[in-house]
Protein chains: 2
Amino acid sequence: MNNPAGNAAMSQRTPFNKPKTARGEATKKAILSAAERVIGARGYNDASIGQITSEAGVAQGTFYIYFKTKEEVFSELVLEMGRLVRHTISDATQAISNRLEAEQAGLTAFLEFVQAHPDLYRIVQEAQFVDPDAYREYYSAFAEGYRSGLTEAARDGQISQGDPDTRAWALMGIARALGEQIVVFGNKAPITDLVDTAYDLIANGLKP
Amino acid sequence: MNNPAGNAAMSQRTPFNKPKTARGEATKKAILSAAERVIGARGYNDASIGQITSEAGVAQGTFYIYFKTKEEVFSELVLEMGRLVRHTISDATQAISNRLEAEQAGLTAFLEFVQAHPDLYRIVQEAQFVDPDAYREYYSAFAEGYRSGLTEAARDGQISQGDPDTRAWALMGIARALGEQIVVFGNKAPITDLVDTAYDLIANGLKP
DNA sequence: TCGAAACATGAATACTGATTCATGTTTCAT
DNA sequence: ATGAAACATGAATCAGTATTCATGTTTCGA
C-alpha cells in the first residue's frame, strides 16, 4: 500500500482512536484478544467482524469505534507480535556475552514463544499477504538486530567471518522453519531436541 | 481401460475434467497461466475470476468448464510448482555424489528457479493459508527427499551425525529465507554471493 | 449533580465477486 | 458429411460480509 510522507524515523503507525476511558481500554483489549483467536484460527479472510465481536462479547458496530477497518486490527496484532517476540528474545539473551551461546538461548526462547502463541505466529506469517508493509517492518526490525549482533561477534573473533546480512537471513530462516514445524505441522518433539540439532548445525556445520 | 481412479499408490487429488480436445487443452493452459500471473501479482483474495479469464482472453463462464472452484486452480498451481522445483533441483544435483557439493548446487538451482518464477513462489507461500493441504503436500515431499539424502550422507561419513529431520527443516528454512529475500524483499545481490555465504555456514558453521 | 464526550448497539446499507445457466459454436469420430 | 459431445459465452443470480448510522447508555471531570 501507499506510504505517504514516509518519515525515516517513523516507528509508530498512527495510533489514533486511543480509548479515553478505562471502559474503552478494556473493550479494545477484548476485541484485540478475540481477533487474535479468531483470525489465528480461521485466517484473515474467513474471519468475519461478526465472529470477532461476538467472541469479544460486544456489538458489531463497536468494532469500528476502535478500528477503522478489518485490516487495521490485523496490523495491530502484527505490531504486538513484533514487540513481544523481540522483548522475549532480548530478555533471554541480554546477559549472554558469547554470541554462540546467545544464538542457542535466543532460538530456544523464540520457539517457546511461538509454541505459547501459535495464533500470533500464524498471523505474522499471513501478514506477508494481508499487510506486506507490516510484515516487512516486523521482519526488518528483526534482521537488523541480528545483523548487528553478528557483525560485532565477527569483529571480536567470537565467530568466523562471513556476510552478516546473508547470515542473519539464513539464521532467521532456520528459526522460522522450526517454528513452523511446531505450529503448522504440529511437531511434538521437545524444543531442546530441535535446538540441540539446529545449534550444532549453526555452530559446526555439516562437515564431518 | 482409461480408468481415472486407477493407480493404487495414487495420493493425487482427483485430476478430473481433463480436456478432451486440443482446443480445450490450450484453453485450460491459458487459464492456468493467467491465474499464475494474476494470483501471483495480486494475491489469492484480490485476484478475481473475471481478472483471470480476461487475462486469459476467455469468457468468465469458461473458467468453470476446467475448474470447479477458484481454489482448485490455486491448488493446481501449487502442484505444478512442486513438480517443477523438484525436477529442477533433481536435475542440478543428480550427477553430484558428494552431499555438500550437492547442497550447494541444489541451493543455487532453487534460488535461480524462484528468481525466474516469482509468481509461483508467492503462490506456494500463500498456500499455507489458502490451501493448507496442498502446502503440506508440497513441503512434505520436499522434506522427505532432503531427509533421505542427509541420512545417506551421514551413513557414508560425508557429513557429521545429527537428526536428519531437523536438519532438513533447517536447511529448507535457509533456502526459503534466501528465496524470500529475492522475491519478496527484492534483494539484488548475485545468487552466487548468497550461496557462497550460506554454503559456508552450512558446511562449517559459525565457529571461528 | 450534571452534561458533554465517550462508548455501545444492531439493524440497514452497499458492494463485491464467485458461481450458475440458458443459449450458441466448434470439434472430431464415424 | 454429420450429429453428439465438447467447448464457449456473458448476463443473471446469489450469498456473504464489511461498513455505516440513527439511536440510546455510560463515564467522569468540573
Between A:Glu25 and B:Phe63, just flag the one whose closest nucleotide in DNA chain C comes earlier from the 5' side.
-> A:Glu25
Could you give the [atom1]-to-[atom2] distance, from [X] to [N], as a whole number of Å?
{"X": "B:Lys70", "N": "D:dA15", "atom1": "NZ", "atom2": "C1'", "answer": "15 Å"}
{"X": "A:Gln60", "N": "D:dT20", "atom1": "CD", "atom2": "P", "answer": "12 Å"}
{"X": "B:Tyr64", "N": "D:dT13", "atom1": "OH", "atom2": "P", "answer": "17 Å"}
{"X": "B:Phe67", "N": "D:dA8", "atom1": "CZ", "atom2": "P", "answer": "12 Å"}
{"X": "B:Ile65", "N": "C:dA18", "atom1": "CD1", "atom2": "C1'", "answer": "16 Å"}

Minimum heavy-atom distance A:Arg86-A:Tyr138, with the two atoms named | NH1-O, 4.3 Å
So which heavy atom on B:Ile123 is nearest to which on B:Ile39, and how close?
-> CG1-CG2, 4.0 Å
Ring centre gap for A:Phe185 and B:Tyr139 strictly below 6.0 Å = yes
Would you please indicate if the ring centroids of A:His117 and A:Phe113 are separated by under 6.0 Å?
-> yes
Check: A:Arg37/A:Ser33 side-chain N/O donor and acceptor closer than 3.5 Å | yes
Taking atom types as modelled, is there a side-chain donor on B:Gln125 or B:Arg176 under 3.5 Å from an acceptor on the other?
-> yes
Inspect the surroundings of CZ in A:Arg42 and state if more than 12 heavy atoms from other residues, nucleotides or ligands are less than 6.0 Å away.
-> no
Between the side chain of A:Thr53 and the main-chain N/O of A:Ile49, is any donor-acceptor distance below 3.5 Å?
-> yes
Where the side chain of A:Thr27 is defined as all heavy atoms beyond and including C-beta, which of C:dC7, C:dT19, D:dA8 is the nearest nucleotide?
-> C:dC7
Of the residues in residues 35-54 of chain A, which ones touch DNA chain D at a heavy-atom distance under 4.0 Å?
-> A:Ala47, A:Ser48, A:Ile49
Polar atom pairs (N or O), protein with nucleotides 22-29 of chain D, under 3.5 Å:
none

